[in-house]
Amino acid sequence: MAGWAGNPHRLFLATPAFLHKTLHAIRGWHCCEVRGNRTPMLRFTDVGLRYEGAPLGAPEVLCDLDFTLAQGSFTWLLGPSGAGKSSLLRMMGLALRPSRGEVEVLGLRVGPNASRLARRGAIAAMRRRIATVYQDFRLLPYLSVADNVALPLRLAGRPETSLLPDVAEMLAWVGLDHRHAARPATLSGGEQQRAAIARAVVGRPDVLLADEPTGNLDIGQARRLLALLVEMHRLGTTVVVATHSEELPARFPAAALVLDRGRVRHVPS
Amino acid sequence: MSRADQGRRARDPLGLARALPFGLLPALVGAMALLAALALAGAYAAAGFAEGWRSAASDTATVVLPRGAVVADARAALSDLPGVADAEVADPAALARLLRPWLGDEGGITLPPIIDLRLAGARIPELAAAVATAVPGALLEPHGPWAGQIASLAQAVRVVALSVLTLVAVVAAAVVAVGAGAGLTARRDAVLLLHEWGARDGEIAGRFARRLALLAGVGAAGGVAVATPALLLLGQLAPGAEGAMVLPWLWLGLLPFLAAGLGWAVAQAVLRRWLRRLP
């Protein structure tokens with residue numbers, strides 16, 4: 001795994017085999033053919049966000065968001081701290097409802113109004129196709145590392161007997177196979193970050209959102225993570241990475257959404 | 001990750017076994033179940049007593065014969081009256097024995113002869129007229145009115161017991177609601193995470209509901225187990241109430257399941273209401 005710190009294209013063979021196998025089987029894709037196409041995956045139309053409970057007339061945290069990210073695209077979400085990157089990612093992950101406008105994710109449209117029960121089921125099903133790497137990891141403290149990583153698979157209803165190989169391979173890939181039984185509280189920040197990444201990737205999401213994913217990693221680990229994100233993108237996953245790092249976008253130039261004080265200053269073409 | 005561990009985690013990804021442990025909640029529900037069992041048995045017994053007294057009293061009456069009446073003739077005349085199934089002369093010695101605590105051993109008072117009637121569908125006004133005709137000077141004392149009053153009292157006791165039962169159910173529901181809220185507070189981050197990762201409201205609420213149903217059911221079973229010996233003892237102590245103090249075994253057996261159902265429903269309501277606020 002040490003070799004992963006180099007060119008992402010060289011790291012390809014080291015990606016967990018099951019990711020390739022399953023994506024090939026399900027989608028009929030070949031890795032070398034997988035690139036972003038122009039089908040919209042995430043579309044924001046005149047979106048504004050004001051936090052629940054904010055006083056009437058308070059300014060929106062995010063406003064006038066109007067952009068489309070294509071299926072299979074890789075997008076950097078850039079901007080200073082407090083620009084609204086995390087809130088935008090949460091809306092992309094359907095964890096926040098816009099206060100106005102419309103967010104379309106994988107064909108499902110979500111507006112400001114509360115959803116009816118049947119629609120809530122559809123939104124929940126859609127969320128299972130989206131994975132997020134959180135800035136603060138959000139590992140469940142009472143579960144072991146392996147159980148945390150297995151969580152998306154269990155939510156997807158995968159039979160228990162089939163979980164173990166995928167979880168074990170994922171843990172080995174992020175270098176945590178020897179810590180599979182450990183509780184998150186006993187891990188270092190970097191190890192927790194890697195466990196959170198393994199949890200996000202193990203379910204082979206259609207959309208992968210990462211919020212400052214390298215914040216707790218050293219430079220080597222950060223590059224390995226970037227390699228993974230690039231690999232996920234190559235396999236067809238739509239990837240959005242929020243970061244204030246300048247080093248990572250420089251290593252992998254891609255389209256970028258630049259946020260500044262709640263507004264998008266630059267939209268990828 | 002052993003297979004047993006795997007199964008346990010799969011069943012409890014929210015860690016509810018630790019967030020909602022066996023402790024205060026089952027104990028409180030158990031106390032409620034104990035009260036419910038007592039109220040239930042009270043309501044059941046009161047209904048039994050009321051019914052027993054009503055049927056016993058409405059079928060009997062006493063005739064006090066006048067001085068000088070020939071008891072055998074009077075008994076024969078009363079036996080022949082319509083609506084009288086049987087007429088039996090009360091044993092004077094037995095009567096004297098009953099009255100001794102109040103009258104003492106002094107024989108100064110002569111007790112009037114008394115005949116007990118067992119009725120078969122007789123109406124009291126018509127029977128009183130018939131008794132007056134058959135045995136002039138005789139006095140008919142129907143048991144219905146006083147037994148009716150006692151039956152009304154028993155009925156009131158039953159209503160009170162059922163009200164207590166309802167109150168106990170409401171308090172138990174409140175206890176479970178507080179427990180669900182505490183569990184939600186303890187596992188708020190986990191619930192939010194699972195929600196964001198695509199768990200349906202029903203899945204999350206169902207996990208809480210199953211855990212709280214288990215706690216409520218086990219607590220109620222404990223409460224019923226404690227109440228049962230006390231109820232058996234009370235049943236044995238009930239004076240002259242053979243057949244009346246029958247314990248409601250079916251309902252006592254159902255109580256833990258009803259408590260579990262209540263816990264499940266309340267937890268579902270609390271969780272779904274909270275989850276509906278999420279996007």
Side-chain angles (χ1 to χ4, degrees), chain A residues 52 90-91 93-98 103 110-117 120-132 134 136-161 163-164 167-168 171 180-181 199-200 203 205 209, chain B residues 1-23 179 182-212 215 265 267-279:
Chain A
E52 203 174 317
R90 292 194 72 205
M91 276 203 285
L94 301 174
L96 270 181
R97 203 183 290 134
V103 175
V110 178
N113 297 326
S115 308
R116 284 183 305 224
L117 196 63
R120 286 181 69 81
I123 293 174
M126 194 58 72
R127 286 194 189 107
R128 295 182 190 201
R129 298 169 62 187
I130 303 168
T132 305
Y134 301 98
D136 55 353
F137 324 130
R138 293 180 69 182
L139 296 171
L140 298 180
Y142 48 85
L143 294 183
S144 68
V145 169
D147 286 318
N148 267 287
V149 173
L151 198 63
L153 304 179
R154 286 184 171 137
L155 279 173
R158 280 269 299 273
E160 283 297 312
T161 47
L163 298 183
L164 207 52
V167 171
L171 284 173
H180 73 277
R199 180 182 63 184
L209 309 171
Chain B
M1 192 163 51
S2 72
R3 187 148 293 190
D5 269 352
Q6 247 185 304
R8 189 159 48 81
R9 299 297 182 213
R11 283 194 301 274
D12 192 18
L14 283 167
L16 293 178
R18 254 202 271 175
L20 292 168
F22 282 93
L184 197 47
T185 303
R187 289 292 182 254
R188 186 174 186 278
D189 290 344
V191 169
L192 287 174
L193 183 78
L194 261 62
H195 175 78
E196 287 180 22
W197 282 70
R200 290 185 175 82
D201 293 358
E203 290 173 279
I204 296 171
R207 291 189 184 282
F208 273 83
R210 283 193 289 278
R211 178 69 188 168
L212 285 163
L215 295 182
Q268 283 275 355
V270 170
L271 264 294
R272 281 179 184 269
R273 185 161 176 259
W274 191 84
L275 289 167
R276 266 201 300 273
R277 291 164 35 205
L278 301 178

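Chain letters run A, B, ... following the sequence lines, proteins first and then strands; every chain starts at 1.
- Considering all non-hydrogen atoms of both residues, B/Ala190 and A/Tyr142 come closest at CB-OH, 3.1 Å.
- A/Arg127 places none of its side-chain heavy atoms less than 4.5 Å from the side chain of B/Arg200.
- Neither the backbone nor the side chain of A/Arg129 comes within contact range of chain B; no heavy atom of the residue lies under 4.5 Å from a heavy atom of that chain.
- For the pair A/Leu155 and B/Ala199, the tightest heavy-atom approach, listed with the atom from each and the gap, is CD2-CB, 3.5 Å.
- Taken to the nearest 0.5 Å, the CZ atom of A/Arg154 stands 11.5 Å off from the CG atom of B/Leu194.
- In this structure the side chain of A/Tyr134 reaches within 4.5 angstrom of the side chain of B/Glu196, judged on heavy atoms.
- Taking both residues in full, the closest heavy atoms of A/Arg120 and B/Asp201 are given as NE-OD2, 2.7 Å, listed atom of the first, atom of the second, then distance.
- In this structure, A/Ala95 and B/Pro279 approach most closely via the heavy-atom pair O-CG, 3.0 Å.
- Looking at A/Leu139 and B/Leu193, their side chains never come closer than 4.5 Å, going by heavy atoms from C-beta outward.
- Within the 4.5 angstrom heavy-atom criterion, atoms from both the backbone and the side chain of A/Arg199 approach chain B.
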Working for side chain to side chain contact (heavy atoms under 4.5 Å, CB included), residues A/Leu140 and B/Leu14: CA-CA 8 Å; A/Leu140 298 180; B/Leu14 283 167; over 6 Å; no

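- Considering every non-hydrogen atom in both A/Pro152 and B/Trp197, the closest pair reads CG-CZ3, 3.3 Å.
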